[in-house]
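Because only heavy atoms are used, hydrogens play no part in the values below, and waters and symmetry mates are left out as well, while side chains stay in.
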Amino acid sequence: MCTFYLLATLLYFICHGNSQEDHCFPSEFLESLSMSMKITKAGFHRDLHYSVQWGKVDHDVKALLVQKLPSGVYMDEYQLETLKHDTGLEVLLDSKVDLEAPEYLSSGFTALVFLSGTHEAIIPVHGRYHRPSNSSQKWVKVDIEPPRLLLRSDQCETPSGTLHLLHRNVLSDAPCTVRNQKLCSWLEILHLEDAGGVSLEIPVGDSSMTLSVCVGTVLTAALSCAYLLRTVWRHGTF
């Protein structure tokens with residue numbers, strides 16, 4: 001009897017879930033989804049390029065990228081605010097980011113990238129200073145995993161039920177928009193093809209040069225002070 005009840009319940013969710021899914025995001029639409037990311041520029045200042053593509057659908061689709069970033073990089077919230085006014089870029093950070101802290105005193109964070117009205121976004125990301133290396137290593141590799149892709153539409157109800165737990169889609173709660181941070185229900189698309197992460201190499205210092213750098217810094221500062229004092233003394237102004 002219990003087995004029959006479980007099978008009937010599962011059949012109900014499959015039938016009703018499919019009707020909702022077909023109404024909001026048809027299977028053809030889901031099959032057309034693709035996402036890619038790449039990184040450009042060199043050194044400490046890079047650009048993350050995101051692109052999400054999908055087929056035609058008869059209602060507006062909003063996309064949200066949930067990007068986890070490691071402690072080795074950061075996003076500048078003030079720069080993001082400027083880009084928001086200049087280009088319409090919409091990014092929401094889940095916590096305050098210390099722009100000056102080195103990698104070993106920082107923690108990772110999550111960036112929410114809203115793609116409402118566009119399928120692409122270019123976001124500046126900056127490398128943090130790492131501990132100097134005591135070996136011949138001159139670079140450190142920082143890996144950035146691919147973002148999670150979430151979708152929703154205001155024109156139709158987002159699918160619900162246990163059906164998506166059995167396939168490649170699940171429901172997730174996330175802020176509705178950058179301005180309206182009330183939680184909305186999003187459809188998360190899992191296991192997208194060609195959605196690999198990226199990595200960047202950041203230069204690191206040589207710890208064997210610590211003494212030389214300190215001595216050079218002190219000497220430079222002392223000579224600069226001596227020059228300034230001599231100049232002030234000669235011109236007789238204190």
Run the side chain to side chain contact (heavy atoms under 4.5 Å, CB included) check on Trp139 and Ile202 step by step: do they pass? CA-CA 5 Å; Trp139 304 85; Ile202 297 176; 5.8 Å; no
Would you please test Arg148 and Leu65 for side chain to side chain contact (heavy atoms under 4.5 Å, CB included) and show each step? CA-CA 6 Å; Arg148 295 160 51 203; Leu65 302 178; over 6 Å; no
Could you go through the side chain to side chain contact (heavy atoms under 4.5 Å, CB included) check for Arg152 and Cys184 one step at a time? CA-CA 9 Å; Arg152 75 178 186 91; Cys184 286; 4.1 Å; yes
Tell me, with the steps shown, if Asp154 and Lys62 meet salt bridge (charged side-chain N to carboxylate O under 4.0 Å, His left out). CA-CA 8 Å; Asp154 292 330; Lys62 294 180 172 63; 2.8 Å; yes
Quick one, Lys38 with Tyr50, criterion side chain to side chain contact (heavy atoms under 4.5 Å, CB included). Give me CA distance, side-chain angles, the key distance, then yes/no. CA-CA 7 Å; Lys38 65 179 181 178; Tyr50 297 102; over 6 Å; no
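Using a 4.5 Å heavy-atom threshold, the side chains of Arg46 and Pro124 count as separate. Contact check for Ile123 versus Leu80: side-chain heavy atoms found under the 4.5 Å cut-off. Using a 4.5 Å heavy-atom threshold, the side chains of Glu201 and Val140 count as separate. The shortest distance between side-chain heavy atoms of Leu200 and Asp143 does not fall below 4.5 Å. Using a 4.5 Å heavy-atom cutoff, the side chains of Leu183 and Cys176 are not in contact. Counting heavy atoms from C-beta on, the side chains of His126 and Val73 never come closer than 4.5 Å. Between His45 and Lys41, the closest side-chain pair of non-hydrogen atoms is not below 4.5 Å. Between Leu115 and Glu120 there is no side-chain heavy-atom pair separated by less than 4.5 Å.
At a threshold of 4.0 Å, the pair Asp86-Lys84 does not count as salt-bridged, since none of the basic side-chain nitrogens sits closer than that to a carboxylate oxygen. One finds no salt bridge joining Asp98 and Lys96 here, because no Lys/Arg side-chain nitrogen approaches an Asp/Glu carboxylate oxygen to under 4.0 Å.
Residue Leu149 holds its CG atom at 12.0 Å from CD of Gln67, rounded to the nearest 0.5 Å. Summarising the geometry, atom CZ belonging to Arg128 is positioned 9.5 Å from atom NE2 belonging to His130; distances are rounded to the nearest 0.5 Å. Here the NZ atom belonging to Lys68 is positioned 6.0 Å from the OG1 atom belonging to Thr110, to the nearest 0.5 angstrom. Once rounded to the nearest 0.5 Å, the distance linking OG of Ser172 with CH2 of Trp186 reads 11.0 Å. The distance from the CG atom of Leu192 to the CG atom of Leu30 is 9.5 Å, given to the nearest 0.5 Å. Atom CG of Leu64 and atom CD of Glu90 lie 10.5 Å apart (nearest 0.5 Å).
A side-chain donor-acceptor contact under 3.5 Å links Ser153 to the backbone of Asp60.
For the residue pair Ser71/Glu103, the side-chain donor-acceptor check at 3.5 Å is satisfied. Looking only at atom types and distance, the side chain of His119 has no donor-acceptor partner in the side chain of Ser51 under 3.5 Å away.
By the rule that hydrophobic residues join a cluster once side-chain heavy atoms approach within less than 4.5 Å of another member, Val142 and Tyr104 end up as members of separate clusters. Grouping the Ile, Leu, Val, Met, Phe, Trp and Tyr side chains by contacts below 4.5 angstrom, directly or via other members, places Leu219 apart from Tyr227. Tyr78 and Phe109 fall within the same hydrophobic cluster, where Ile, Leu, Val, Met, Phe, Trp and Tyr residues are linked whenever their side-chain heavy atoms come under 4.5 Å apart, directly or through other members. Hydrophobic clustering of Ile, Leu, Val, Met, Phe, Trp and Tyr side chains at less than 4.5 Å, counting indirect connections, keeps Ile122 apart from Val125.
Residues Ile39 and Ser199 share a closest heavy-atom pair of CG2-O, 3.9 Å. Nearest heavy atoms, Met37 versus Pro147: SD-CD, 3.5 Å. Scanning both residues, Val97 and Tyr74, for their nearest heavy atoms gives CG1-CB, 3.7 Å.
Relative ring orientation between Trp54 and Phe29 is described as tilted, the plane-to-plane angle lying within the 30° to 60° band.
Between Tyr129 and Phe44, the ring center distance clears the sub-6.0 Å criterion.
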